[in-house]
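First the structure, in the form of structure tokens, and then the observations on it.
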Number of protein chains: 2
Amino acid sequence: MRLCIYTYKCYNTFANLSIVLSGFQRPTDKDTGMKITQRNIAERCGVTTATVSMALRRDARISPVTTERVWAAAQELGYSPAQNQAARRMVMQRFGRKIINRVIALFLPPQFHRLAYYARIYQGIMDVVTEEQFALLITLFHEEMDATFRMPQVFNSGEVDGTIVYMGHHQPVLNDLHDNPGFRERPVCSLVLPLTGCSTVTFDDFHGQYAAVKHLLDLGHRNFLYLSFPRTRDRMEVFGPRLAGIHQALQEYHVPVLHCRVCETPMEWINPHRYSANEEQERRLLEVLQAHREITAILAHNDAMAHRVWVLLTQAGYRVPEDISLVGFDDTDPLPNASGVNQLTSVRLPLEDMGRASARHIIRQVLNGTNEVEHEVLPAELAIRRTTATACIP
Amino acid sequence: MRLCIYTYKCYNTFANLSIVLSGFQRPTDKDTGMKITQRNIAERCGVTTATVSMALRRDARISPVTTERVWAAAQELGYSPAQNQAARRMVMQRFGRKIINRVIALFLPPQFHRLAYYARIYQGIMDVVTEEQFALLITLFHEEMDATFRMPQVFNSGEVDGTIVYMGHHQPVLNDLHDNPGFRERPVCSLVLPLTGCSTVTFDDFHGQYAAVKHLLDLGHRNFLYLSFPRTRDRMEVFGPRLAGIHQALQEYHVPVLHCRVCETPMEWINPHRYSANEEQERRLLEVLQAHREITAILAHNDAMAHRVWVLLTQAGYRVPEDISLVGFDDTDPLPNASGVNQLTSVRLPLEDMGRASARHIIRQVLNGTNEVEHEVLPAELAIRRTTATACIP
DNA sequence: CTGAAAGCGCTTACAG
DNA sequence: CTGAAAGCGCTTACAG
């Protein structure tokens, strides 16, 4: 034991030497010896590591004088607590406590950086994460990857403090996280499409869509075409509130719900990166408009879809908004005029705020050592521009 | 000691029970007891943890029979080695060895996901990282952040295996990484703009630019305008090879170098997200063209700039390519015609390949436990489209 | 207010 | 081929 202590002293001298003599060759296989531990501090101060450990955390049980001496020695020796995190992690788990790694993970779909919608949420998350000096671990996940997906190793080793699940709408991911012994009990927050059993940050789709329809009703429109996407049970969570918002507005204006035709469009219409011309679908949309000349306004599921519809309408000789009004949803995909000014009336989603809210929530839980499920709903407001106008009743 | 072993046995029985009786309440403050360790396996097999440790790694010193028994027990108990990574990390550092975390970090500028250029490199990195079951840690960094920047805590704790520095061109980042005791000696790879003292993956700017000029010379052009950006010492590394490529081509065709005018444009011209109309600069560009009617071809520093120039030329009444040919660089920013087909002749950079190459390099080093500096140069090829044509000599 | 001891879970020499 | 022991660096009861 005594010998051992001498060994340490020897290393210390070594370390000092190699700082002074900058050309000095470090013993390459003994780089571990360069690492400063609480033991080095203890020796220099003539106390035990227990005292150092508590002093460094400014525990009240250690006298102020000793605490300062320990801190000074730590500074001098260049002690970095993060460096020996592994030991701390191990002893903490002995007492059933967790350490804070300042790492949060983000699950998101592979193509996230290609779509403004995802990119803006990502931006908000990253802003907060950087500000709070956390690191962000990106994990790509897509429903189709389900079979091959394996939770990255870091989740197992307890090195991730919390997770944000960015869309996905895929409950198994959450279960995997909760079943993972290295991650279990840590906070999770799902975005946009809520998962059950964790915190959520969502938009107020209902009031957003409600505001859009109310705006059209105020302009005299009474017959609508709502372009949705193929409904599956999964997606009803998105579809439901939107439709309810529409119904609510119609009801307030005593317009029968039948006056809103719901049209399912191909999924690719809402994702411009998957878009491939689908002539049959495009023809069908125009046929509906021809057959129902009473329709004077179109509500699209998102801006990308509104964009596509605008092109079709223009090619077919319709004028927007003179002949027909058009409203988007999400406000990510501008429809610029010649001077580059966005023309599309749309429901504006505070996407960056959503990212920020989720990151703040997770970081708060991590720093407090809590895991309280919270549900935050962010407002969706109508941005009125130039694709909506007074109804042109035939 | 004996008591301790009994405690463990007790926990095990508990664990089995709670699997059978799914409604059974787990002791919440004893969740650590649920964790399976090599000790549990050792007890079940009647061997020591040393044997288990070696058997799990299929060390030849352990008999096949014992190895299989250990593996079977591990399976049964649901042992997960990653879970106790902290202990492994600690013992490994005792013997001066590293463990593989399957985590690599990526340093990149804050707005990376907004620019196709960055996004495509990112895509390539992510593809390989996901395929190799690594996790990616994103760290935003920008020269302007230098004062406030602090290396995230995870780098200190030895939980990051290697780093890719994505642009930045900022040597201090590399020094910070190398000075960090938790990261020291691990592989680093810088992209596009090489840092000294680490591996690099770059493009063959020289041959890319050379091919572009040769193409124009073949079309009969003899007087060029090369639109560059403000030259600082930092940026000479980009500027140098490009200019050398131009000179080489001119020389081969015996065209005096003076026939290539170099014009500096504002930095914002190469970054569409920072673009704001700069009428004076725009007028100056047109003035140059008016004053030098012998110029029949423009080489832009990147596609974004080419885009901007195309708009200016068109507005000023020039026809591209009939009156003037235009060549971009990077091939990220298409100039679509009415049918959506890109018209811009440009030097195509294999951006995804670059991301993939850097990720492969780092992952190879990590898995081999080596840190060999390598320099990879990827080809840049000319993509000939419709903004270049036979010179219209006045 | 501080020290001596135990132990988190693992891997590696070193015995046998 | 396997076991007993040591120790990575830390924190926490428990003494004094």
Side-chain angles (χ1 to χ4, degrees), chain A residues 1 3-5 7-8 11 30-33 35-43 45-67 69-70 74 79-99 156-158 181-182, chain B residues 1 3-5 7-8 32-33 35-43 45-57 59-67 69-70 74 79-99 156-158 181-182:
Chain A
M1 190 57 170
L3 181 69
C4 195
I5 290 173
T7 315
Y8 270 95
Y11 281 162
K30 285 288 185 187
D31 261 359
T32 46
K35 196 190 283 183
I36 305 302
T37 67
Q38 292 187 2
R39 186 169 188 156
N40 302 131
I41 301 173
E43 282 161 19
C45 297
V47 295
T48 63
T49 60
T51 305
V52 171
S53 172
M54 294 168 93
L56 287 175
R57 280 169 294 136
R58 300 201 175 277
D59 189 301
R61 283 170 290 182
I62 304 300
S63 73
V65 180
T66 310
T67 299
R69 269 177 49 228
V70 166
Y79 177 75
S80 154
Q83 211 178 126
N84 308 311
Q85 199 72 302
R88 197 166 290 113
R89 194 194 310 284
M90 203 150 72
V91 69
M92 289 309 250
Q93 77 191 10
R94 178 182 170 200
F95 295 98
R97 294 178 54 195
K98 280 190 282 241
I99 64 165
N156 268 308
S157 37
Chain B
M1 190 57 168
L3 181 69
C4 193
I5 291 174
T7 314
Y8 270 94
T32 46
K35 194 191 282 181
I36 306 301
T37 67
Q38 291 187 4
R39 186 171 187 156
N40 302 132
I41 301 173
E43 282 160 19
C45 297
V47 295
T48 63
T49 59
T51 306
V52 172
S53 172
M54 295 169 93
L56 286 176
R57 279 169 293 135
D59 188 302
R61 283 170 289 182
I62 304 300
S63 76
V65 179
T66 309
T67 298
R69 267 176 51 226
V70 166
Y79 177 74
S80 152
Q83 212 178 126
N84 308 311
Q85 201 72 303
R88 197 166 290 112
R89 193 193 313 283
M90 203 150 73
V91 69
M92 289 311 250
Q93 79 192 11
R94 177 180 171 200
F95 295 99
R97 293 177 54 195
K98 281 192 280 244
I99 63 165
N156 267 308
S157 37

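Below, read A as the first sequence line, B as the second, and so on, with proteins coming before strands; counting in each chain starts at 1. Everything numeric here is computed off the predicted structure, so don't read it as measured data.
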Whole-Å distance separating the [atom1] atom of [X] from the [atom2] atom of [N]:
X	N	atom1	atom2	value
A/Met54	D/dC10	CE	C1'	13 Å
B/Gln93	C/dT11	CD	P	14 Å
B/Gln38	C/dT11	CD	P	5 Å
B/Asn40	C/dC8	CG	C1'	13 Å
B/Asn84	C/dT11	CG	C1'	13 Å
B/Arg89	D/dG7	CZ	C1'	18 Å
B/Ile62	C/dA13	CD1	P	14 Å
B/Gln85	C/dT11	CD	P	9 Å

Taking 4.0 Å as the cut-off, does a side-chain nitrogen or oxygen of [X] come that near to OP1 or OP2 on [N]?
X	N	result
A/Tyr79	D/dG9	no
A/Arg97	D/dT12	yes
A/Thr66	C/dT2	yes
A/Thr48	C/dG3	yes
A/Thr51	C/dT2	no
A/Arg88	D/dT11	yes
B/Arg57	C/dT12	yes

Is the backbone of A/Ser53 close enough, under 3.5 Å, to the side chain of A/Arg57 for a donor and an acceptor to pair up by distance? yes
Please determine, for the side chain of B/Phe95, which listed nucleotide (D/dT11, D/dG3, C/dT11) has the closest atom? C/dT11
Closest to side chain of B/Thr37, choosing from C/dT2, D/dG9, C/dG9: C/dG9
Any B/Arg88 side-chain heavy atom under 4.5 Å of B/Pro81 side chain: yes
Beyond-backbone contact of A/Val70 with A/Tyr79, side-chain heavy atoms, under 4.5 angstrom: no
Confirm from the modelled atom types if B/Arg94 and D/dG7 form a donor-acceptor pair under 3.5 Å, side chain to base only. yes
Given that both distances must come in under 3.5 Å, which nucleotide forms a Watson-Crick or G-U wobble pair with C/dG16? D/dC1
What distance do A/Thr48 atom OG1 and A/Gln38 atom CD have between them, rounded to the nearest 0.5 Å? 10.0 Å
In Å, rounded to the nearest 0.5 Å, how long is the span from CD1 of B/Ile62 to CG of B/Leu56? 10.0 Å
Using a 4.0 Å heavy-atom cut-off across all strands, classify A/Ser53 as base, sugar-phosphate, or nothing. base
Hey, are A/Arg61 and A/Asp59 close enough for a salt bridge, meaning a charged N less than 4.0 Å from a carboxylate O? yes
Position toward the 5' end of DNA chain D (nearest nucleotide), B/Val91 or B/Val47: B/Val47
Most 5' of B/Ala86 and B/Arg61 on DNA chain C, judged by nearest nucleotide: B/Ala86
